[in-house]
Amino acid sequence: MVKEGYKEVRVGPKTKLIPEEWKVKKLKKVIKKRKGKRPNKLFDSKNGENSIPYLSVNYLRGNDFPEWCSKNDDNKVEVKENEILMIWDGSYSGNVFMGFNGALSSTMARLKCEDDINNQYLFYQLRNNFKIFQSTTIGTSVPHVAGKIFENLNIPTPPKREQKKIASILSSVDKSIEKTDKVIEETKEMKKGLMQELLTKGIGHSEFKEVRIGAKRIEIPKHWEISTVNELTSKVQYGISDKMYLEGQYPIFRMNNFYRGYMIDEPMKYIDLDDTEFEKYKVKKGDILFNRTNSVDLVGKNGIFTLEGDYVFASYLIRLRTNDKCDSYYLNYYLNSYNAGSILDSIATRGASQANINAKNLKSVDVPTPPIQEQKKIASILSSVDAKIQKEEEYKVKLEQLKKGLMQKLLTGEIRVNTEMEV
DNA sequence: GATTGGCACAGCTTGGGATA
DNA sequence: TATCCCAAGCTGTGCCAATC
């Protein structure tokens, strides 16, 4: 029994209910698709007004700075801010983006809308159907969006005024998400500056002395000391060198459990241990775990353990447990700071495409050391900034959930919008 | 025998380019 | 112009020789 005023239509592998007066159009009837092409020449930096960014997958995903190409490059396929682009090949195939000006890479496609469909409405429809494209990709080594399935996808199409209103509502949630993102980024920047200030100048000092930390000379408060990691720790220990499994007795921390200076329990692997071994490698609250082997960029990452429950750690991590001279949060913040980062970078031994920092070298790293009470104050200030970042990140997750729910309901007409109101 | 330290290697991702 | 194979680079993991 179909709900009154609604009809059943097939969208990808599923049947959906949409309002009777909505039309259904095949994607190929409402867009013109053009695959990207690698420009003839790419540049590392912008060359005045004559350059446009090269939109690689990594750049779109926010993992990389853009390369640039000339506006006059014959090979480029250009996309404008109000056009939709879709990752066509590779692991992220099916993902869509809007709001970029630039030249497309060969693994992407530009989607231009015909007049009777609102491009932002179509963007949200494609985003809502991302899983269809992802689950229908073809190709043996590299997945691709399946062209036929893409072209023949049915798009529920309300009157244009309603499309515009739906796009406007979803876009306003997107703007709130962007605003929250900006607050998070600004708070992270503020934390960087605060760390630099507090970890070298301390709180309320007027007299300073010059000291050597690594290759640099810096000023620290007159009564602070310089200690090595060895002098501030009671335990520096390698983890377990055994195979891990998807299921098992104890969760084991690996190099992908670091997040913003903390250990997180996602994703986990597991290991079975007898009681003696477990006690030996059990992570305690306040323990700092340090990534000793990886690429040059990732070696030296560290995080403090603050979770409840029983965890152990892998052989490519080193555990640091502070003694009574040192607050573990303070040491963790210091090891995550810019100054410590450059020291760790200088002591890392470079192998074939990998770098290592062994426990002996880690123990020799110098740490500016205030009295323990001041260490705790500094750590407390930085923790409060971390708490603000976490609060904003949680708010962002809520907004994303709200958007997901609205997309489901608005894009199928389950909730109708009032088109009499201004959009 | 236990611990440390380095790296080989598997698996994954990206982008270039050959081919249809 | 689209598809998809392949090489290169990167990341994560487990192994094993060296050292204690």
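Predicted model, so just to flag it, every value in this text is computed and none were measured. Below, each value reflects all heavy atoms present in this structure, side chains not excepted, and no hydrogens, waters or symmetry copies. Numbers restart at 1 for each chain; the letters A, B, ... are given by sequence-line order, proteins then strands.
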*asked:* Taking A:Glu78 first and then A:Arg110, would you say they form a salt bridge - that is, a charged N and a carboxylate O separated by under 4.0 Å?
replied: no

*Can you name the residues that form a side chain to side chain contact (heavy atoms under 4.5 Å, CB included) with A:Lys201, not counting sequence neighbours?*
A:Glu197, A:Phe208, A:Glu219

Interatomic distance, [X] [atom1] vs [N] [atom2] [rounded to whole Å]:
{"X": "A:Ile318", "N": "B:dG6", "atom1": "CD1", "atom2": "C1'", "result": "12 Å"}
{"X": "A:Arg319", "N": "B:dT3", "atom1": "CZ", "atom2": "P", "result": "12 Å"}
{"X": "A:Phe253", "N": "C:dG12", "atom1": "CZ", "atom2": "P", "result": "16 Å"}
{"X": "A:Ile240", "N": "B:dT4", "atom1": "CD1", "atom2": "P", "result": "13 Å"}
{"X": "A:Leu320", "N": "B:dT4", "atom1": "CG", "atom2": "P", "result": "12 Å"}
{"X": "A:Ile347", "N": "B:dG6", "atom1": "CD1", "atom2": "P", "result": "11 Å"}
{"X": "A:Lys360", "N": "B:dG6", "atom1": "NZ", "atom2": "C1'", "result": "15 Å"}
{"X": "A:Asn356", "N": "B:dG6", "atom1": "CG", "atom2": "C1'", "result": "5 Å"}

Go through the structure and list residues passing salt bridge (Lys or Arg N to Asp or Glu O under 4.0 Å) with [X], not counting sequence neighbours.
{"X": "A:Lys403", "answer": "A:Asp174"}
{"X": "A:Glu277", "answer": "none"}
{"X": "A:Asp310", "answer": "A:Lys282"}

Nucleotide N/O of nucleotides 14-20 of chain C paired with protein N/O under 3.5 Å:
| unit_1 | atom_1 | unit_2 | atom_2 | d |
| --- | --- | --- | --- | --- |
| C:dG14 | OP1 | A:Met244 | N | 3.2 |

*On DNA chain B, check which nucleotide each of A:Asn361 and A:Met108 is closest to and give me the residue with the more 5' one.*
A:Asn361

Tabulate below the donor-acceptor pairs under 3.5 Å that side-chain atoms of residues 371-384 of chain A make, not counting sequence neighbours, or state none.
| unit_1 | atom_1 | unit_2 | atom_2 | d |
| --- | --- | --- | --- | --- |
| A:Glu374 | OE1 | A:His205 | NE2 | 3.1 |
| A:Glu374 | OE1 | A:Trp224 | NE1 | 3.3 |
| A:Glu374 | OE2 | A:Ile203 | N | 3.0 |
| A:Glu374 | OE2 | A:His205 | NE2 | 2.7 |
| A:Gln375 | OE1 | A:Asp327 | N | 2.7 |
| A:Gln375 | NE2 | A:Lys325 | O | 3.0 |
| A:Gln375 | NE2 | A:Pro370 | O | 2.9 |
| A:Ser383 | OG | A:Tyr333 | OH | 3.3 |
| A:Ser383 | OG | A:Ala379 | O | 2.9 |
| A:Ser384 | OG | A:Ile381 | O | 2.6 |

*Would you indicate which nucleotide in B:dT3, B:dG6, C:dT3 comes nearest to any side-chain atom of A:Lys33?*
C:dT3

